[in-house]
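Structure record follows, encoded as C-alpha coordinates.
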Amino acid sequence: MKFLDQAKVYIRSGNGGSGSIAFRREKFVEFGGPNGGNGGRGGDVIAECVDGLNTLIDYRYQQHFKAGTGTHGMGQNRTGPDGEDVILKVPVGTQIFEEDGETLIADFTEVGQRQVLLEGGNGGFGNAHFKSSTNQAPRRANPGLPGEEKWIWLRLKLIADAGLVGLPNAGKSTFLSAVTAAKPKIADYPFTTLHPGLGVVRAGAREFVLADIPGLIEGASEGAGLGDRFLGHVERCGVLIHLVDGTQEDVVGTYRTIRAELEAYGHGLEDKEEILCLNKIDALDPDTLAERKAALEEASGGEVLTISGATGNNVDTVLYAVLDVLDHNAENEGRSSNAEPKDKWVP
(Lines give C-alpha, C1' and ligand atoms only; values in the text may rest on other atoms or scores of the structure.)
Protein backbone atom coordinates (compact mmCIF):
# COMPACT_ATOMS: atom_id res chain seq x y z
CA MET A 1 0.00 0.00 0.00
CA LYS A 2 1.41 3.37 -0.99
CA PHE A 3 1.90 5.89 1.81
CA LEU A 4 0.05 9.19 1.34
CA ASP A 5 0.20 11.81 4.06
CA GLN A 6 -1.60 14.73 2.40
CA ALA A 7 -4.81 15.07 0.42
CA LYS A 8 -7.16 17.84 -0.68
CA VAL A 9 -10.85 16.96 -0.76
CA TYR A 10 -14.14 18.71 -1.53
CA ILE A 11 -16.98 18.33 0.95
CA ARG A 12 -20.61 19.43 0.76
CA SER A 13 -23.39 19.03 3.29
CA GLY A 14 -26.92 18.19 2.20
CA ASN A 15 -29.69 20.66 1.41
CA GLY A 16 -32.71 20.69 3.66
CA GLY A 17 -36.02 19.42 2.27
CA SER A 18 -38.83 21.87 1.52
CA GLY A 19 -41.99 22.02 3.59
CA SER A 20 -45.27 20.79 2.11
CA ILE A 21 -48.50 22.63 1.38
CA ALA A 22 -51.35 20.19 1.92
CA PHE A 23 -54.89 20.13 3.33
CA ARG A 24 -56.98 17.39 4.79
CA ARG A 25 -60.17 17.02 2.76
CA GLU A 26 -62.19 13.92 3.53
CA LYS A 27 -65.88 13.23 3.27
CA PHE A 28 -67.66 13.15 6.62
CA VAL A 29 -64.54 14.49 8.40
CA GLU A 30 -65.68 17.44 10.42
CA PHE A 31 -62.29 19.02 11.18
CA GLY A 32 -60.09 19.33 8.12
CA GLY A 33 -57.39 21.89 7.61
CA PRO A 34 -53.71 22.24 6.76
CA ASN A 35 -51.56 19.16 7.33
CA GLY A 36 -48.38 19.76 5.29
CA GLY A 37 -45.32 18.29 7.01
CA ASN A 38 -41.84 19.76 7.44
CA GLY A 39 -38.89 18.94 5.23
CA GLY A 40 -36.07 16.71 6.43
CA ARG A 41 -32.69 18.06 7.51
CA GLY A 42 -29.74 17.73 5.13
CA GLY A 43 -26.94 15.32 5.98
CA ASP A 44 -23.78 16.42 7.81
CA VAL A 45 -20.16 15.89 6.77
CA ILE A 46 -18.34 14.20 9.66
CA ALA A 47 -14.68 13.24 10.12
CA GLU A 48 -14.01 10.23 12.33
CA CYS A 49 -10.73 8.81 13.62
CA VAL A 50 -10.69 5.03 13.19
CA ASP A 51 -8.31 2.21 13.95
CA GLY A 52 -6.59 0.15 11.25
CA LEU A 53 -5.56 3.02 8.95
CA ASN A 54 -2.06 4.45 8.59
CA THR A 55 -2.31 6.39 5.33
CA LEU A 56 -4.63 8.75 3.43
CA ILE A 57 -4.35 6.74 0.21
CA ASP A 58 -8.16 6.32 0.03
CA TYR A 59 -8.49 10.04 -0.69
CA ARG A 60 -6.34 9.79 -3.80
CA TYR A 61 -9.12 7.91 -5.59
CA GLN A 62 -12.09 9.88 -4.26
CA GLN A 63 -11.86 13.60 -3.60
CA HIS A 64 -15.53 14.63 -3.58
CA PHE A 65 -17.86 13.84 -0.67
CA LYS A 66 -21.48 15.00 -0.66
CA ALA A 67 -24.00 14.34 2.09
CA GLY A 68 -27.59 13.36 1.30
CA THR A 69 -30.38 15.88 0.71
CA GLY A 70 -33.31 15.98 3.11
CA THR A 71 -36.60 14.69 1.71
CA HIS A 72 -39.46 17.15 1.20
CA GLY A 73 -42.34 17.17 3.64
CA MET A 74 -45.61 15.43 2.73
CA GLY A 75 -49.28 15.61 3.52
CA GLN A 76 -50.85 14.04 6.61
CA ASN A 77 -48.25 15.91 8.70
CA ARG A 78 -45.46 13.64 7.50
CA THR A 79 -41.95 15.04 8.02
CA GLY A 80 -39.44 14.08 5.35
CA PRO A 81 -36.52 11.81 6.36
CA ASP A 82 -33.19 13.48 7.08
CA GLY A 83 -30.41 13.25 4.52
CA GLU A 84 -27.71 10.62 5.02
CA ASP A 85 -24.50 11.80 6.68
CA VAL A 86 -21.18 11.24 4.94
CA ILE A 87 -18.29 10.14 7.17
CA LEU A 88 -14.62 10.69 6.30
CA LYS A 89 -12.59 7.99 8.05
CA VAL A 90 -9.06 9.09 8.87
CA PRO A 91 -6.12 7.50 10.74
CA VAL A 92 -4.80 8.59 14.12
CA GLY A 93 -2.59 11.66 13.77
CA THR A 94 -4.63 13.35 11.03
CA GLN A 95 -5.05 17.10 11.03
CA ILE A 96 -7.74 18.87 8.99
CA PHE A 97 -7.12 22.39 7.67
CA GLU A 98 -9.14 24.95 5.76
CA GLU A 99 -8.33 25.51 2.09
CA ASP A 100 -5.67 28.07 3.02
CA GLY A 101 -3.68 25.22 4.57
CA GLU A 102 -3.10 27.14 7.81
CA THR A 103 -6.41 27.32 9.71
CA LEU A 104 -6.71 24.16 11.81
CA ILE A 105 -10.20 22.65 12.00
CA ALA A 106 -9.54 19.38 13.83
CA ASP A 107 -6.64 17.35 15.20
CA PHE A 108 -7.30 13.65 15.75
CA THR A 109 -5.01 11.98 18.27
CA GLU A 110 -7.23 9.16 19.57
CA VAL A 111 -9.40 6.49 17.98
CA GLY A 112 -13.10 7.34 18.19
CA GLN A 113 -12.81 11.12 17.96
CA ARG A 114 -15.42 12.74 15.72
CA GLN A 115 -15.80 16.25 14.34
CA VAL A 116 -18.68 17.72 12.33
CA LEU A 117 -17.03 19.60 9.46
CA LEU A 118 -20.19 20.90 7.78
CA GLU A 119 -23.77 20.88 9.04
CA GLY A 120 -26.65 20.09 6.73
CA GLY A 121 -29.31 22.66 5.91
CA ASN A 122 -32.47 22.78 8.04
CA GLY A 123 -35.69 21.48 6.55
CA GLY A 124 -38.42 23.99 5.69
CA PHE A 125 -41.68 24.30 7.62
CA GLY A 126 -44.87 22.90 6.10
CA ASN A 127 -48.10 24.88 6.06
CA ALA A 128 -49.34 23.09 9.19
CA HIS A 129 -46.68 25.00 11.12
CA PHE A 130 -48.21 28.36 10.19
CA LYS A 131 -51.85 27.69 11.14
CA SER A 132 -53.36 29.90 13.81
CA SER A 133 -56.72 31.17 14.96
CA THR A 134 -56.45 34.07 12.55
CA ASN A 135 -54.88 32.10 9.68
CA GLN A 136 -56.69 28.79 9.59
CA ALA A 137 -55.78 27.87 6.01
CA PRO A 138 -52.22 29.04 5.36
CA ARG A 139 -51.00 28.50 1.83
CA ARG A 140 -47.31 28.97 2.46
CA ALA A 141 -44.38 26.72 3.25
CA ASN A 142 -40.67 27.35 3.66
CA PRO A 143 -38.02 25.96 1.33
CA GLY A 144 -35.18 23.98 2.87
CA LEU A 145 -31.93 25.79 3.62
CA PRO A 146 -29.01 24.99 1.30
CA GLY A 147 -26.03 23.03 2.56
CA GLU A 148 -22.46 24.30 2.84
CA GLU A 149 -19.46 23.42 0.72
CA LYS A 150 -15.70 23.91 0.82
CA TRP A 151 -12.31 22.36 0.11
CA ILE A 152 -10.22 21.07 2.99
CA TRP A 153 -6.72 19.65 3.45
CA LEU A 154 -6.10 16.37 5.25
CA ARG A 155 -2.57 16.00 6.64
CA LEU A 156 -1.29 12.94 8.46
CA LYS A 157 1.40 13.31 11.10
CA LEU A 158 2.58 9.99 12.41
CA ILE A 159 2.36 9.54 16.15
CA ALA A 160 5.63 8.08 17.44
CA ASP A 161 7.64 8.29 20.64
CA ALA A 162 10.97 8.84 18.87
CA GLY A 163 12.02 9.99 15.40
CA LEU A 164 15.11 9.44 13.26
CA VAL A 165 16.69 12.43 11.50
CA GLY A 166 19.84 12.80 9.46
CA LEU A 167 21.29 13.26 5.99
CA PRO A 168 20.53 10.71 3.25
CA ASN A 169 22.59 7.53 3.70
CA ALA A 170 23.20 8.26 7.38
CA GLY A 171 21.94 4.75 8.20
CA LYS A 172 18.43 5.61 9.42
CA SER A 173 16.66 2.78 7.60
CA THR A 174 19.37 0.32 8.64
CA PHE A 175 18.91 1.41 12.25
CA LEU A 176 15.12 1.04 11.98
CA SER A 177 15.44 -2.47 10.53
CA ALA A 178 17.95 -3.44 13.22
CA VAL A 179 15.78 -2.47 16.20
CA THR A 180 12.28 -3.22 14.86
CA ALA A 181 10.54 -5.76 12.67
CA ALA A 182 10.06 -3.13 9.95
CA LYS A 183 11.67 -3.87 6.61
CA PRO A 184 12.42 -0.53 4.92
CA LYS A 185 14.25 -0.35 1.63
CA ILE A 186 18.02 -0.17 2.16
CA ALA A 187 20.53 0.70 -0.56
CA ASP A 188 23.85 2.51 -1.02
CA TYR A 189 22.47 5.57 -2.80
CA PRO A 190 20.82 8.74 -1.43
CA PHE A 191 17.05 9.09 -0.90
CA THR A 192 16.40 5.35 -0.68
CA THR A 193 13.61 6.21 1.75
CA LEU A 194 10.89 8.17 -0.04
CA HIS A 195 8.09 7.77 2.49
CA PRO A 196 8.03 7.80 6.32
CA GLY A 197 8.03 4.47 8.12
CA LEU A 198 7.09 3.25 11.59
CA GLY A 199 8.38 0.42 13.74
CA VAL A 200 7.83 -0.84 17.28
CA VAL A 201 11.04 -1.08 19.31
CA ARG A 202 11.25 -3.61 22.12
CA ALA A 203 13.93 -2.93 24.70
CA GLY A 204 13.83 -5.44 27.52
CA ALA A 205 10.28 -5.57 28.85
CA ARG A 206 9.40 -2.20 27.37
CA GLU A 207 8.54 -0.84 23.96
CA PHE A 208 8.08 2.41 22.06
CA VAL A 209 7.27 3.53 18.50
CA LEU A 210 10.08 4.77 16.24
CA ALA A 211 9.53 6.86 13.09
CA ASP A 212 11.92 7.04 10.13
CA ILE A 213 11.60 9.90 7.62
CA PRO A 214 13.38 10.62 4.32
CA GLY A 215 16.79 12.25 4.63
CA LEU A 216 17.31 15.99 4.76
CA ILE A 217 19.90 17.92 2.79
CA GLU A 218 21.11 21.48 2.92
CA GLY A 219 18.39 23.79 1.64
CA ALA A 220 15.57 21.32 2.38
CA SER A 221 13.58 24.14 4.00
CA GLU A 222 13.65 25.87 0.60
CA GLY A 223 12.56 22.76 -1.29
CA ALA A 224 15.90 21.08 -2.03
CA GLY A 225 15.83 17.29 -2.24
CA LEU A 226 12.52 16.00 -0.94
CA GLY A 227 12.04 19.18 1.06
CA ASP A 228 11.25 19.34 4.77
CA ARG A 229 7.55 18.45 4.59
CA PHE A 230 8.21 15.03 6.13
CA LEU A 231 9.49 16.68 9.31
CA GLY A 232 5.83 17.00 10.28
CA HIS A 233 5.90 13.29 11.09
CA VAL A 234 8.38 13.83 13.94
CA GLU A 235 6.67 16.91 15.38
CA ARG A 236 4.81 14.77 17.90
CA CYS A 237 7.89 12.76 18.94
CA GLY A 238 9.23 13.09 22.46
CA VAL A 239 12.87 12.70 21.39
CA LEU A 240 14.91 12.84 18.17
CA ILE A 241 17.65 10.36 17.30
CA HIS A 242 20.13 12.30 15.18
CA LEU A 243 22.33 9.95 13.15
CA VAL A 244 25.59 11.26 11.70
CA ASP A 245 27.48 9.18 9.14
CA GLY A 246 30.89 8.54 10.69
CA THR A 247 32.48 7.75 7.34
CA GLN A 248 32.09 11.34 6.16
CA GLU A 249 35.06 13.65 6.48
CA ASP A 250 33.15 16.65 7.87
CA VAL A 251 30.93 15.20 10.58
CA VAL A 252 30.57 18.62 12.23
CA GLY A 253 29.30 20.19 9.02
CA THR A 254 26.84 17.32 8.64
CA TYR A 255 25.55 17.86 12.17
CA ARG A 256 25.16 21.61 11.68
CA THR A 257 23.31 21.14 8.37
CA ILE A 258 20.58 19.08 10.03
CA ARG A 259 20.34 21.44 13.00
CA ALA A 260 19.95 24.39 10.64
CA GLU A 261 17.13 22.63 8.77
CA LEU A 262 15.34 21.80 12.04
CA GLU A 263 15.54 25.44 13.10
CA ALA A 264 14.34 26.63 9.71
CA TYR A 265 11.34 24.28 9.90
CA GLY A 266 10.38 25.42 13.41
CA HIS A 267 7.27 24.03 15.14
CA GLY A 268 9.37 23.27 18.22
CA LEU A 269 11.59 20.66 16.57
CA GLU A 270 14.77 22.57 17.36
CA ASP A 271 13.88 22.47 21.08
CA LYS A 272 13.21 18.73 21.33
CA GLU A 273 15.51 16.42 23.24
CA GLU A 274 18.15 15.03 20.89
CA ILE A 275 20.26 11.89 21.14
CA LEU A 276 23.28 12.40 18.89
CA CYS A 277 24.81 9.23 17.45
CA LEU A 278 27.92 8.73 15.34
CA ASN A 279 26.92 5.84 13.08
CA LYS A 280 28.86 3.31 10.97
CA ILE A 281 31.74 2.98 13.45
CA ASP A 282 32.39 -0.52 12.09
CA ALA A 283 34.00 1.19 9.08
CA LEU A 284 36.31 3.43 11.15
CA ASP A 285 39.66 2.75 12.78
CA PRO A 286 40.00 3.65 16.49
CA ASP A 287 42.01 6.84 15.90
CA THR A 288 39.59 8.25 13.33
CA LEU A 289 36.63 7.31 15.51
CA ALA A 290 38.09 9.11 18.55
CA GLU A 291 38.92 12.20 16.49
CA ARG A 292 35.47 12.52 14.91
CA LYS A 293 33.66 11.79 18.14
CA ALA A 294 35.63 14.52 19.94
CA ALA A 295 34.93 17.02 17.15
CA LEU A 296 31.23 16.21 17.24
CA GLU A 297 31.03 16.52 21.01
CA GLU A 298 32.74 19.90 20.86
CA ALA A 299 30.33 21.16 18.17
CA SER A 300 27.18 19.87 19.87
CA GLY A 301 28.17 20.58 23.45
CA GLY A 302 26.82 17.22 24.59
CA GLU A 303 27.45 13.52 24.67
CA VAL A 304 27.85 11.58 21.42
CA LEU A 305 27.01 7.88 21.28
CA THR A 306 29.02 5.71 18.88
CA ILE A 307 26.98 2.98 17.21
CA SER A 308 26.76 0.71 14.20
CA GLY A 309 23.32 -0.08 12.87
CA ALA A 310 24.70 -2.72 10.53
CA THR A 311 26.42 -4.76 13.27
CA GLY A 312 24.18 -3.74 16.16
CA ASN A 313 27.11 -2.36 18.17
CA ASN A 314 25.91 -0.10 21.03
CA VAL A 315 22.39 0.07 19.57
CA ASP A 316 20.84 -0.94 22.90
CA THR A 317 22.49 2.08 24.52
CA VAL A 318 20.52 4.36 22.20
CA LEU A 319 17.24 2.56 22.89
CA TYR A 320 17.55 2.84 26.66
CA ALA A 321 18.61 6.48 26.32
CA VAL A 322 15.35 7.06 24.44
CA LEU A 323 13.38 5.41 27.24
CA ASP A 324 15.12 7.59 29.83
CA VAL A 325 14.14 10.74 27.92
CA LEU A 326 10.54 9.53 27.53
CA ASP A 327 10.34 8.79 31.26
CA HIS A 328 11.75 12.23 32.05
CA ASN A 329 9.23 13.90 29.74
CA ALA A 330 6.41 11.94 31.35
CA GLU A 331 7.47 13.07 34.82
CA ASN A 332 7.61 16.69 33.70
CA GLU A 333 4.15 16.51 32.16
CA GLY A 334 2.70 14.72 35.16
CA ARG A 335 1.43 11.81 33.14
CA SER A 336 2.65 8.39 32.17
CA SER A 337 4.58 7.97 28.94
CA ASN A 338 3.40 5.77 26.07
CA ALA A 339 6.37 3.56 26.94
CA GLU A 340 5.41 2.51 30.47
CA PRO A 341 8.44 1.94 32.73
CA LYS A 342 8.87 -1.52 34.13
CA ASP A 343 12.51 -2.42 34.70
CA LYS A 344 15.21 0.21 34.99
CA TRP A 345 18.20 -0.56 32.81
CA VAL A 346 21.66 0.14 34.17
CA PRO A 347 24.46 0.33 31.58
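Applying the ring-ring contact (aromatic ring centres under 6.0 Å, His included) test to pairs two or more places apart or on separate chains, those with a residue in residues 145-165 are Y10-W151, H64-W151.
Nearest heavy atom pair, residue T247 against residue L284, reads CA-CD2, 4.1 Å. Summarising the geometry of C277 relative to I307, their closest heavy-atom pair is CB-CD1, 3.9 Å, with the distance given to 0.1 Å. Of all heavy-atom pairs spanning N127 and P34, the tightest one is ND2-CB, 3.4 Å. Annotation for A128 and N77: closest pair CB-OD1, 3.4 Å, computed over non-hydrogen atoms. Closest approach of R12 and V45 over heavy atoms only: O-CG2, 3.5 Å. A pairwise comparison of heavy atoms in I46 and V116 identifies CG1-CG2, 4.2 Å as the closest pair.
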### Task
Decide yes or no on side chain to side chain contact (heavy atoms under 4.5 Å, CB included) for K8 and E99, but give the supporting numbers first.
CA-CA 8 Å; K8 186 178 183 181; E99 189 176 6; 3.5 Å; yes
### Task
Please lay out, stage by stage, how K293 and E291 fare under the test salt bridge (Lys or Arg N to Asp or Glu O under 4.0 Å).
CA-CA 6 Å; K293 178 183 178 183; E291 177 187 346; over 6 Å; no
### Query
Please walk me through it: do D100 and T103 pass side-chain hydrogen bond (donor to acceptor under 3.5 Å, both in side chains)?
CA-CA 7 Å; D100 59 12; T103 306; 2.9 Å; yes
### Task
Check the pair I152 / L117 against side chain to side chain contact (heavy atoms under 4.5 Å, CB included), numbers first and verdict last.
CA-CA 10 Å; I152 58 173; L117 303 179; 3.8 Å; yes
### Message
Please evaluate residues T94 and L56 with respect to the criterion side chain to side chain contact (heavy atoms under 4.5 Å, CB included), reporting the C-alpha separation (whole Å), side-chain torsions for both, the decisive distance (0.1 Å), and the verdict.
### Response
CA-CA 9 Å; T94 300; L56 298 174; 4.1 Å; yes
### I275 and V239: CA distance, side-chain angles, deciding distance, side chain to side chain contact (heavy atoms under 4.5 Å, CB included) verdict
CA-CA 7 Å; I275 299 175; V239 57; 3.9 Å; yes
### Task
Show your working on salt bridge (Lys or Arg N to Asp or Glu O under 4.0 Å) between R292 and D245 and close with a plain yes or no.
CA-CA 10 Å; R292 293 180 180 175; D245 186 354; over 6 Å; no
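Donor-acceptor pairing under 3.5 Å is recorded for the side chains of D285 and T288. Q248 and T254 share a side-chain donor-acceptor pair at under 3.5 Å. Remark: the Q95 side chain and the K157 side chain contain an N/O donor-acceptor pair separated by less than 3.5 Å. Using modelled atom types, one finds a donor on one side chain and an acceptor on the other under 3.5 Å when comparing R41 with N122. A donor and an acceptor atom, one from each side chain of S308 and N313, are nowhere located under 3.5 Å apart. With 3.5 Å as the limit, one finds no donor-acceptor pair spanning the side chains of S18 and N142.
The side-chain tip of R140 points at the ring of F130 from less than 6.0 angstrom away and within 45° of straight on.
Cluster membership for V318 and L326, using ILVMFWY side-chain heavy atoms within less than 4.5 angstrom, is shared. Note: the hydrophobic cluster containing F23 does not contain F125 (ILVMFWY, side chain heavy atoms under 4.5 Å, direct or indirect links). Criterion: ILVMFWY side-chain heavy atoms under 4.5 Å apart, direct or through other members. Under it, L176 and Y320 are part of a common hydrophobic cluster.
Around CD of Q62, the count of heavy atoms belonging to other residues, nucleotides or ligands within 6.0 Å exceeds 12. The number of heavy atoms from other shown groups lying within 6.0 Å of NZ (K150) is above 12. Residue Q113 qualifies as enclosed at atom CD: its count of foreign heavy atoms under 6.0 Å is above 12. For E273, the CD atom is loosely surrounded, since the number of other residues' heavy atoms within 6.0 Å does not exceed 12.
Expressed to the nearest 0.5 Å, how far CG of L210 lies from CD1 of I241 amounts to 5.0 Å. Atoms CZ and CD1, from F97 and I105 in turn, are 9.0 Å apart once rounded to the nearest 0.5 Å. We find the CG-CZ distance between L154 and F108 to be 9.0 Å, quoted to the nearest 0.5 Å.
A salt bridge does not link R259 with E261: none of the charged nitrogens is closer than 4.0 Å to a carboxylate oxygen.
The closest donor-acceptor contact from the side chain of R78 to the backbone of G75 lies under 3.5 Å. Not a single donor-acceptor pair under 3.5 Å links the side chain of D82 to the backbone N or O of G40. Side-chain atoms of S177 come within 3.5 Å of backbone N or O of T174 as a donor-acceptor pair.
Within the 4.5 Å cutoff, no side-chain heavy atoms of L243 are placed close to those of V165. Within the 4.5 Å cutoff, side-chain heavy atoms of L289 are placed close to those of T306.
Considering K89, Q115, R114 as possible partners of E48, the one that fulfils the side-chain hydrogen bond (donor to acceptor under 3.5 Å, both in side chains) test is R114. No option in V251, N279, V304 other than V251 meets the side-chain contact (heavy atoms from CB on, under 4.5 Å) test with V244.
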